[in-house]
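One structure is given here, and the rest of the page talks about it.
Residue numbers begin at 1 in each chain, while the letters A, B, ... track the order of the sequences.
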Number of protein chains: 4
Amino acid sequence: MTQPARTKQDVVAEFRQSEIIDAARRVIARDGPQKASMERIAEEANISKGTLYLYFDSKGALVREATERGHAEMAAYVNAAMSDAGSAIGTINAYVRSTLAFCDEHEMLFRAMNTYPDSDGDVTSNAVARYVDGYIERLQQVVQQGVDAGDLRPVNARRFARLLVEAVRGIVIERLREKAPLPVNEDAEAIVAILLDGVRA
Amino acid sequence: MTQPARTKQDVVAEFRQSEIIDAARRVIARDGPQKASMERIAEEANISKGTLYLYFDSKGALVREATERGHAEMAAYVNAAMSDAGSAIGTINAYVRSTLAFCDEHEMLFRAMNTYPDSDGDVTSNAVARYVDGYIERLQQVVQQGVDAGDLRPVNARRFARLLVEAVRGIVIERLREKAPLPVNEDAEAIVAILLDGVRA
Amino acid sequence: MTQPARTKQDVVAEFRQSEIIDAARRVIARDGPQKASMERIAEEANISKGTLYLYFDSKGALVREATERGHAEMAAYVNAAMSDAGSAIGTINAYVRSTLAFCDEHEMLFRAMNTYPDSDGDVTSNAVARYVDGYIERLQQVVQQGVDAGDLRPVNARRFARLLVEAVRGIVIERLREKAPLPVNEDAEAIVAILLDGVRA
Amino acid sequence: MTQPARTKQDVVAEFRQSEIIDAARRVIARDGPQKASMERIAEEANISKGTLYLYFDSKGALVREATERGHAEMAAYVNAAMSDAGSAIGTINAYVRSTLAFCDEHEMLFRAMNTYPDSDGDVTSNAVARYVDGYIERLQQVVQQGVDAGDLRPVNARRFARLLVEAVRGIVIERLREKAPLPVNEDAEAIVAILLDGVRA
DNA sequence: CATGAATGAGCCTTCATTCAT
DNA sequence: TATGAATGAAGGCTCATTCAT
């Protein structure tokens with residue numbers, strides 16, 4: 001019964017944190033994690049520089065959280081899409097398509113964050129690596145199941161998973177650079193088609 | 001007739017430029033393009049900080065040139081390997097293998113430089129993009145020839161080329177992150193095998 | 001008739017002030033007057049930062065009051081000891097001994113506060129000077145009485161009083177710095193012996 | 001023969017260092033070691049803030065050096081005066097007189113620096129303690145010799161030395177606080193007279 | 001040409017103080 | 001009266017860039 005009172009404060013605080021993280025993500029996306037200044041982030045969040053330090057211990061901590069949250073959001077989206085797919089091939093398809101789609105919608109947010117490895121030293125790269133490893137892990141299992149089920153040829157599942165993830169990342173970054181990238185569908189289908197059937201005659 | 005005198009100067013100047021760029025590449029490789037300081041680069045080149053500005057307008061220009069030269073060297077190496085290969089499939093093979101090999105040997109030099117897109121804003125990304133586009137262009141032609149020759153299935157050559165390049169870049173970056181990456185051969189063969197024949201049963 | 005109501009408030013207010021001052025003294029003793037932060041003092045007093053400003057105009061005022069109170073306590077202790085002594089020599093003895101003893105017992109509280117002149121500008125030095133002058137004044141009278149009574153040689157009473165006070169202060173500070181100072185008795189006796197009888201053969 | 005060339009640079013550098021230290025001493029004397037800002041010191045030295053860091057690693061280092069140099073100068077002056085005195089009593093006299101005189105002439109420089117123990121934590125207090133210990137050591141020896149020679153009564157030499165040093169320090173600080181202190185001679189004589197012959201009838 | 005001392009804008013962080021609740 | 005979130009002025013420090021020698 002004392003919870004609601006405490007919660008009210010917490011809600012406000014969490015909201016503020018969220019606003020700051022969002023502002024940070026915008027600034028980081030525009031300027032990169034190193035050039036993003038606390039000054040700019042504060043402006044973007046319409047608060048004062050000092051207030052940032054009420055919610056985050058340091059710039060490093062804020063950048064870390066911003067990166068983390070960005071990847072967490074993407075992971076939620078992508079994992080949901082993968083879970084809805086049935087077969088191995090369907091899951092692969094879902095991974096490619098949802099990743100491309102998500103990054104398309106959050107262009108600004110991911111421009112800087114997908115840089116890899118990160119020039120911020122290890123500040124953010126750990127978070128990135130963790131999520132990437134998560135995708136690889138999951139895809140590896142799916143691929144193995146596909147192999148076991150006879151849907152896929154007996155390839156090294158981990159290696160294929162890694163190749164898939166890296167290829168998709170490459171395409172995402174490429175798409176972010178392009179002014180008018182192809183529709184997600186086309187790129188996704190092409191990736192999946194090639195990775196599934198190869199190009200050899 | 002005034003040419004020889006000027007040329008002599010030029011030679012010296014170019015030599016100096018070269019030395020500076022090499023020093024810059026070493027420092028950038030170690031510290032990343034942002035943390036690499038002019039001070040540090042000057043030390044590495046055994047000249048004074050002021051002298052840097054006799055040969056380069058700004059830090060941005062120097063980083064740009066250093067990146068450019070790094071990619072130029074790689075392009076020379078990779079293109080030579082591709083030229084030695086006969087068929088489309090052989091060329092693709094050569095591209096993958098030589099890229100992985102080169103990056104392996106120049107780990108330090110490419111760690112920072114392969115960041116993409118670059119947190120330095122557009123300072124270096126243009127140079128990177130130009131080279132990447134070069135590889136894609138060339139691979140596209142080769143793939144098209146392979147398709148025409150009946151060696152490859154009728155895929156969209158450009159799209160495949162791009163996928164190939166991005167996949168290789170992803171693997172390269174991954175390899176740079178790993179402490180004990182697989183032998184170049186294994187990774188190269190896996191990439192080529194999957195991209196040529198796919199994974200579908 | 002409005003007095004009682006006002007008084008009740010006052011009692012509460014004074015109690016609060018007292019608590020705050022005590023907290024401030026603890027923090028100041030630990031961190032020094034400059035590094036002692038209002039945040040820290042508020043925590044120590046179990047109130048909020050803003051509340052501090054309901055009872056004190058500024059950090060300077062609070063530090064001043066805290067110093068003041070510390071010296072007032074010491075003055076009460078030392079003056080009581082001096083009052084209990086009969087002769088001039090006894091009073092001098094009492095001053096030295098009680099000062100050393102008090103500072104020993106309140107080490108933490110006096111470490112920072114005895115800095116002199118104070119790095120806070122004139123924030124606290126006035127308070128310190130007032131108390132020091134009080135001791136000198138009293139000792140001067142006592143010494144003069146001792147001279148008049150023939151117990152002491154005809155010295156300049158004020159000058160001797162000042163020398164006594166400053167010597168004791170020096171020894172106190174020295175004792176605070178030492179990890180294992182001599183027993184109070186020994187230092188006190190030595191000071192008194194030298195000041196009374198000198199060292200000349 | 002190559003020395004002069006190197007020396008020229010060094011001379012300039014040393015001169016700059018000296019100027020900075022002098023400026024720092026003035027600012028520290030006025031504002032205390034904590035409130036003395038690099039900005040103010042730079043202004044006082046008529047150079048830019050950044051230049052300070054060409055000559056000193058940090059504010060702490062600069063404050064340390066400034067304190068050190070101040071005490072070194074005083075030690076040179078005081079030790080010279082003591083060396084010129086013959087007997088134990090003469091040396092004691094010289095110590096008191098020269099210390100008072102030096103501090104009088106360098107009022108500004110010593111106001112903050114004689115604060116003891118120092119609120120800057122251990123930044124400067126080590127230097128202070130070292131010099132103080134030096135004086136005590138030397139005086140102890142002299143006093144012991146005086147005792148051995150029969151000039152002084154058999155007192156604990158170390159304890160007397162410490163009392164002497166602390167008393168003088170107290171008087172110095174007191175003098176710095178006074179607007180119109182007595183002539184050095186008078187205070188010095190009074191101190192010496194009391195410490196030599198005491199006040200007891 | 002070469003130098004490196006000097007500059008100063010800019011960054012991250014702290015903290016006394018204020019004010020809406 | 002009490003709170004504590006918010007503020008913003010400093011402060012220490014770094015580093016790309018300039019310029020007198």
Side-chain angles (χ1 to χ4, degrees), chain A residues 8-9 12-13 15-17 20 31 34-42 45-63, chain B residues 9 12-13 16 34-43 45-63, chain C residues 9 12-13 16 34-43 45-63, chain D residues 8-9 12-13 15-17 20 31 34-42 45-63:
Chain A
K8 189 180 175 183
Q9 298 271 28
V12 173
F15 179 68
R16 260 301 157 80
Q17 270 210 359
I20 292 172
D31 303 338
Q34 312 237 13
K35 291 214 170 167
S37 73
M38 293 300 263
E39 178 94 34
R40 285 280 307 112
I41 293 172
N46 286 319
I47 59 175
S48 80
K49 227 186 327 180
T51 303
L52 291 179
Y53 288 88
L54 295 180
Y55 295 94
F56 299 93
D57 283 345
S58 65
K59 181 187 170 180
L62 174 51
V63 170
Chain B
Q9 300 260 16
V12 173
R16 260 302 159 78
Q34 312 241 8
K35 292 208 170 171
S37 72
M38 295 299 264
E39 177 89 37
R40 194 72 202 72
I41 293 172
E43 274 175 31
N46 287 318
I47 61 173
S48 78
K49 226 188 320 183
T51 304
L52 291 179
Y53 288 87
L54 295 179
Y55 295 95
F56 298 93
D57 285 343
S58 66
K59 180 185 172 181
L62 174 51
V63 170
Chain C
Q9 299 260 16
V12 173
R16 261 301 157 80
Q34 313 242 8
K35 292 207 170 171
S37 73
M38 293 300 263
E39 177 89 36
R40 195 71 202 72
I41 293 172
E43 273 175 30
N46 287 318
I47 59 173
S48 78
K49 226 188 322 183
T51 304
L52 291 180
Y53 286 87
L54 295 179
Y55 295 95
F56 299 93
D57 284 343
S58 66
K59 180 185 170 181
L62 174 51
V63 171
Chain D
K8 188 180 175 183
Q9 298 271 27
V12 173
F15 179 67
R16 260 301 156 79
Q17 269 209 0
I20 293 173
D31 303 338
Q34 312 237 13
K35 291 213 169 168
S37 75
M38 294 301 262
E39 179 93 33
R40 285 279 308 111
I41 293 173
N46 286 319
I47 59 176
S48 79
K49 224 185 332 179
T51 303
L52 291 179
Y53 289 88
L54 294 180
Y55 294 95
F56 299 92
D57 283 345
S58 65
K59 180 186 170 181
L62 175 50
V63 170

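- Atom-to-atom, CD of Glu39(A) to P of dA10(F) comes out at 15 Å; the value is rounded to the nearest Å.
- Across all strands shown, Phe56(A) has no heavy atoms under 4.0 Å from either base or sugar-phosphate atoms.
- Between Arg16(A) and Tyr55(C), the one whose closest nucleotide on DNA chain F sits nearer the 5' end is Tyr55(C).
- To the nearest 0.5 Å, the span separating OH on Tyr55(A) from CD on Gln17(A) amounts to 8.0 Å.
- Considering Leu62(B), Val63(B), Asp57(B) as possible partners of Lys59(B), the one that fulfils the side chain to side chain contact (heavy atoms under 4.5 Å, CB included) test is Val63(B).
- Between the P atom of dG4(F) and the CE atom of Met38(C) lies a distance of 15 Å, rounded to the nearest Å.
- Distance, Lys59(B) NZ to dT14(F) P: 15 Å, rounded to whole Å.
- For the pair Leu62(B) CG and dA16(F) P, the interatomic distance rounds to 11 Å; values are reported in whole Å.
- Both Tyr53(C) and Val12(D) lie close to DNA chain E; mapped to their nearest nucleotides by heavy-atom distance, the more 5′-ward contact belongs to Val12(D).
- A 4.0 Å heavy-atom criterion places the boundary nucleotides of DNA chain E facing chain B at dC1(E) to dA6(E), written 5' to 3'.
- Ser37(A) comes within 4.0 angstrom of the backbone, heavy atoms only, and of no base.
- Rounded to a whole Å, the CD1 atom of Ile41(D) is 11 Å from the P atom of dC13(F).
- Both Ser58(D) and Asp57(B) sit near DNA chain F, but only Ser58(D) has its closest nucleotide nearer the 5' end.
- In this structure, Thr51(A) reaches the bases: a heavy-atom distance under 4.0 Å links it to at least one base atom across the strands shown.
- Counting non-hydrogen atoms under 4.0 angstrom, Ile47(B) reaches the backbone sugars and phosphates but no base.
- Atom CG of Asp31(D) is separated from atom C1' of dA10(F) by 14 Å (rounded to the nearest Å).
- Protein atom CD of Glu43(C) is 15 Å distant from nucleotide atom C1' of dT3(F), rounded to whole Å.
- From Ile47(C), atom CD1 reaches atom CG of Leu52(C) across 4.5 Å, with rounding to the nearest 0.5 Å.
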- Message: Reading 5' to 3' and counting Watson-Crick or G-U wobble pairs with both distances under 3.5 Å, write the dot-bracket notation for DNA chain E, | for bases paired outside the strand.
- Response: .||||||||||||||||||||
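- Ser37(D) OG to Lys49(D) NZ: the interatomic distance, rounded to the nearest 0.5 Å, is 8.5 Å.
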- Checking side-chain contact (heavy atoms from CB on, under 4.5 Å) for the pair Lys35(D)/Gln34(C): CA distance, chi angles, key distance, verdict? CA-CA 9 Å; Lys35(D) 291 213 169 168; Gln34(C) 313 242 8; 3.8 Å; yes
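- Straight-line distance between the C1' atoms of dC1(E) and dT21(F): roughly 13 Å, to the nearest whole Å.
- Between Leu52(A) atom CG and dG8(F) atom P the separation is 13 Å, expressed in whole Å.
- Rounded to the nearest 0.5 angstrom, Ile20(D) CD1 and Leu54(D) CG are separated by 8.0 Å.
- Evaluation of the side chain to side chain contact (heavy atoms under 4.5 Å, CB included) rule for Ser48(A) yields Thr51(A) as partners, not counting sequence neighbours.
- Ala36(A) comes within 4.0 angstrom of the backbone, heavy atoms only, and of no base.
- Looking at which nucleotide of DNA chain E each of Asn46(D) and Ala13(B) is closest to, the 5′-most match is held by Ala13(B).
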